[in-house]
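In what follows, a single structure is set out as structure tokens and then discussed.
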Amino acid sequence: MFDFLDLSTLIYRVPALLLALSFHEYAHAVVSDSLGDPTPSATGRLTMNPLAHLDAVGTLLLILCGFGWAKPVMIDPRYYKNYRSGVLKVSLAGPGGNLLLCFISIFLMGLLQRFGMLGMGGYQFLYWIMLYNVWFAFFNLIPVPPLDGSKVVSMLLPGELSWKFENFNAQYGFIILMVVVFSGVANKFLSPLSNLFVTLCYNITYILL
């Protein structure tokens, strides 16, 4: 989807990536905190500071290869009034936050361009914010651990099926994820979804401006 090995774009990609990763994890932390869980705050994750969220190896791989990870936010669902709905909300918060940032970046591009204030540097930065966030959102919805989609599916399935799904993922999930990513299967699903959402955001921006 992206040319990750294009070093000339690093000046724009790195801050855009840090923003996408940090906001994703921060969104998880904020929603869990709002549901009464003090764990994200106690572990220093209720912040937008990238240093609190970065995994060095995962971030480097994401920059160079398009596949990587941040440190998962620790949560304690025992604090939630409703376990399933709480975990579901927290799991969806990260991808939802990324989609929001994607829309904001597209809207800002349209707004700045309308007033003749969008230079090449600003365009490149907002462009990479858009791409990283839309890709990160849909990638994290793949239903295999450690991605958010695995928890979303697990919380939507009835009791026994949920247990079987989690048990299967615990044994084979990471292997499946590796195959999906490095075989190119992920891009076949992610690209159409990402393009559809980006097109929708452009259309909404056009209507609003």
Side-chain angles (χ1 to χ4, degrees), residues 17 19-48 50 52-55 57-59 61-62 66-102 132-183 185-190 192-194 197:
L17 173 60
L19 179 61
L21 287 173
S22 300
F23 196 73
H24 180 96
E25 300 302 333
Y26 176 67
H28 285 312
V30 165
V31 173
S32 193
D33 181 78
S34 72
L35 294 173
D37 177 17
T39 310
S41 178
T43 53
R45 303 302 297 277
L46 202 61
T47 176
M48 278 291 293
H53 304 296
L54 293 184
D55 179 278
V57 175
T59 304
L61 286 175
L62 188 52
F67 167 70
W69 54 85
K71 290 188 295 186
V73 171
M74 292 182 62
I75 62 172
D76 189 345
R78 292 177 298 177
Y79 286 98
Y80 305 157
K81 291 182 178 179
N82 184 300
Y83 177 90
R84 280 182 172 264
S85 67
V87 173
L88 185 61
K89 290 174 183 176
V90 172
S91 299
L92 288 172
N98 288 128
L99 293 179
L100 175 62
L101 279 185
C102 175
Y132 271 128
N133 277 281
V134 72
W135 182 87
F136 208 47
F138 288 114
F139 177 77
N140 271 279
L141 288 175
I142 295 174
V144 291
L147 304 179
D148 301 319
S150 65
K151 284 297 181 184
V152 171
V153 173
S154 180
M155 292 303 103
L156 291 176
L157 290 173
E160 187 175 353
L161 278 178
S162 176
W163 180 84
K164 289 182 177 179
F165 177 76
E166 290 194 358
N167 187 53
F168 176 83
N169 266 337
Q171 297 182 63
Y172 307 109
F174 190 73
I175 297 173
I176 294 172
L177 181 61
M178 294 297 100
V179 172
V180 166
V181 170
F182 291 108
S183 68
V185 172
N187 270 341
K188 291 182 180 179
F189 290 97
L190 297 179
L193 290 172
S194 298
F197 184 79

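Here the side chain of Thr43 pairs a donor or acceptor atom with the backbone of Pro40 at under 3.5 angstrom. Of the possible donor and acceptor atoms, one in the side chain of Asn98 sits under 3.5 Å from a partner among the backbone N and O of Ala20. The backbone N or O of Leu157 sits less than 3.5 Å from a side-chain atom of Arg84, completing a donor-acceptor pair. Within the 3.5 Å criterion, the main-chain N or O of His28 finds no donor-acceptor partner in the side chain of Arg45. Between the side chain of Ser150 and the backbone N or O of Leu147, at least one donor-acceptor pair lies under 3.5 Å. No donor-acceptor pair under 3.5 Å is formed between the side chain of Ser154 and the backbone N or O of Lys151.
No side-chain heavy atom of Tyr79 sits under 4.5 Å from any side-chain heavy atom of Leu35. Looking at Leu21 and His53, their side chains never come closer than 4.5 Å, going by heavy atoms from C-beta outward. Counting heavy atoms from C-beta outward, Phe168 and Ile176 have side chains that approach closer than 4.5 Å. The shortest distance between side-chain heavy atoms of Leu88 and Val152 falls below 4.5 Å. Contact of the Val90 side chain with the Ile75 side chain is registered, since non-hydrogen atoms from C-beta on lie closer than 4.5 Å.
Atoms CG and CG, on Asp148 and Leu141 in that order, are 7.0 Å from each other to the nearest 0.5 Å. Note that CZ of Phe23 is 4.5 Å distant from CG of Leu101, once rounded to the nearest 0.5 Å.
Ring geometry for Trp135 versus Phe139: interplanar angle under 30°, hence parallel rather than tilted (30 to 60°).
Residue Met48 places its CE atom among more than 12 non-hydrogen atoms of other residues, nucleotides or ligands, all under 6.0 Å distant. Crowding of Glu160 atom CD: a count of heavy atoms from other residues, nucleotides or ligands under 6.0 Å not exceeding 12.
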